[in-house]
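Because the structure is a prediction, the values reported are computed rather than measured. Counting convention: from 1, in listed order, for ligands and their atoms alike.
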Amino acid sequence: MRVLAIETSCDDTAAAVLDASGVRSSVVASQDAVHAKYGGVVPELASRQHILAIVPTIERALARAELTLDDIEGVAATHGPGLVGSLLVGLQAAKGIALQRDLPFVGVNHLEGHLLAVLLDRPVAFPFVGLLVSGGHTSLYVVEAPGAYRQLARTRDDAAGEAFDKAAKMLGLGYPGGRVVDELARDGNPTAVRFPRAHLKSGGWDFSFSGVKTAVRQYLIDDGSAALPDVCASFQEAVVDMLVNPTLAAARALGVSRVVVAGGVSANSRLRARMTELGGEAGLDVAFPPLAYCTDNAAMIGYAGRIRLLRGERDALTLNAAATLPVGVERGA
Ligand code: KG4
Ligand code: ZN
């Protein structure tokens, strides 16, 4: 089945075409330049930018796949979680195409897309422990099968990507700053500044990143003498430790031998290196999506959506956008 997938949950307008052979095309129109001067995503500007970009992005995805809408057999779009004004643009575009072409349509949970994105690149046997770490989410799941997710832990405050972006902002590195921190940290000493690692007294494997964010602010007020790459490397090392340790502990405790890291922060080179190294020492198979499928994209939405379309599942064209939408909840619940 040839599927057109659309993703507009935040500030990237994305479309992709997938078929039995895999991803035929995946196009992402970034809005970073629009939001950079505000130091974060401005929801109304994001919606308006999606309106401008959605049709050209779909057309580009079809052109790169060397197909037209006549060739498309199913449509999938993200319907949550995310910014409602942003979600509505992609969701309505998808529903309009499905209505006009009389095609089957499914709404896809953005988090499910991230968790399954690795499967676009390589097979991973189920179950696996999935660490979803992005700008909006930091949660740990057991993925039993496509559609069967159990949440193990979540962040108590900031998402890890949010912590990267806020630290980057304090260091004058612009927005979104996660990738810049990663690049600068490559030349830095991760032990130059000792930033705290949060240890929650209760809550199992839950995460917390507000402490390290505050510690960076305090360090810049009190001292600030370390070189920028050293501060970046030290901050990044603390965040990476706080992501890797609970993930490996959960896999060990549950007796699950596979770990998948997904979401924008899974592009982080130090997180990839540490999780691979320590996971390998613990006898775990650690997998990451290719970089293009770590940050927001429509290929991952197409992957999750195509599975449901092939199973014969359909969503009504009244499906609405949802700002919050947990994975692992019965559909329609
Ligand atoms: O998954 P994503 O594209 O959007 C959300 O669903 O949030 O994730 C974006 C987040 C941003 O916070 C960005 O700074 C972070 O991922 N990010 C990184 C890296 N690349 C993107 N953080 C650390 N290191 C990176 N290399
Ligand atoms: Zn995302």
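- Given atom 24 (N) of ligand 1, the protein heavy atom at minimum distance is Asn268 ND2, 3.0 Å.
- An N or O contact shorter than 3.5 Å is missing between Ser269 and ligand 1 by distance.
- Using a 4.5 Å cut-off between side-chain heavy atoms of Ile, Leu, Val, Met, Phe, Trp and Tyr, with links allowed through other members, Val41 and Ile51 fall into different hydrophobic clusters.
- In this structure a side-chain-to-backbone donor-acceptor pair under 3.5 Å is present from Lys95 to Leu317.
- Residue pairs meeting the ring pair (Phe, Tyr, Trp, His ring centres under 6.0 Å) criterion with at least one member in residues 224-271, sequence neighbours excluded, are Phe164-Phe235.
- The shortest N or O to N or O distance between Gly177 and ligand 1 is not under 3.5 Å.
- Checked against a 3.5 angstrom limit, the closest N/O atoms of Gly263 and ligand 1 fall outside it.
- No side-chain donor-acceptor contact under 3.5 Å links Glu313 to the backbone of Asp315.
- The shortest distance between side-chain heavy atoms of Phe288 and Val260 does not fall below 4.5 Å.
- Residue pairs meeting the ring pair (Phe, Tyr, Trp, His ring centres under 6.0 Å) criterion with at least one member in residues 116-145, sequence neighbours excluded: Phe126-Phe128.
- Interface atoms of ligand 1 facing Gly178, defined by a heavy-atom separation under 4.0 Å, are 14 (O), 18 (C), 19 (C), 22 (N), 23 (C), 24 (N), 25 (C).
- When each atom of ligand 1 is checked for a heavy atom of His114 under 4.0 Å away, the hits are 1 (O), 6 (O).
- Between atom 7 (O) of ligand 1 and the options Ala117, Gly113, Ala185, Gly135, the minimum heavy-atom separation is to Gly135.
- Applying the salt bridge (charged side-chain N to carboxylate O under 4.0 Å, His left out) test to pairs two or more places apart or on separate chains, those with a residue in residues 13-25 are Asp19-Arg24.
- Below 4.0 Å from some heavy atom of Gly161 lie the following atoms of ligand 1, by number and element: 12 (O).
- Salt bridge status for Asp158 with Lys213: present, with a side-chain N to carboxylate O gap under 4.0 Å.
- Residue His110 touches ligand 1 through its side chain alone, judged by heavy-atom distances below 4.0 Å.
- Numbered from 1 in the order shown, with element, the atoms of ligand 1 that lie under 4.0 Å from a heavy atom of Asp182 read 24 (N), 25 (C), 26 (N).
- If you look at Asp296 next to ligand 1, the close heavy atoms, those under 4.0 Å, come from the backbone and the side chain alike.
- Ser25 places no side-chain N or O within 3.5 Å of a backbone atom of Arg64 that could act as its donor or acceptor partner.
- Of the N or O atoms in Glu162, none lie within a sub-3.5 Å distance of an N or O in ligand 1.
- To the nearest 0.5 angstrom, Met1 atom CE is 9.0 Å from Leu103 atom CG.
- An N or O contact shorter than 3.5 Å is missing between Phe164 and ligand 1 by distance.
- For the side chain to side chain contact (heavy atoms under 4.5 Å, CB included) with Leu171, the lone residue among Leu228, Val180, Leu184 that qualifies is Leu228.
- By the criterion of a separation under 2.8 Å, the protein N/O/S atoms near the Zn ion (ligand 2) amount to His110 NE2, His114 NE2, Asp296 OD1.
- Taking every heavy atom of Gly136 and a limit of under 4.0 angstrom, the matching atoms of ligand 1 come to 7 (O).
- Counting heavy atoms under 4.0 Å from ligand 1, residue Thr295 touches it through both backbone and side chain.
- The closest donor-acceptor contact from the side chain of Arg258 to the backbone of Pro127 lies under 3.5 Å.
- Judged by distance alone, with hydrogens and angles left aside, the side-chain atoms of Asp157 form no donor-acceptor pair with the main-chain N or O of Ser208 at under 3.5 Å.
- Of the listed residues (Val180, Val133, Val41, Asp165), the one carrying the non-hydrogen atom nearest atom 11 (C) of ligand 1 is Asp165.
- For ligand 1, the atoms closer than 4.0 angstrom to any heavy atom of Gly264 are 1 (O), 2 (P), 8 (O), 16 (O), 17 (N), 18 (C), 19 (C), 20 (N), 21 (C).
- Checking each of Thr8, Asp12, Thr13, Asp11 against His50 for a side chain to side chain donor-acceptor pair (under 3.5 Å) leaves exactly one that passes, namely Thr13.
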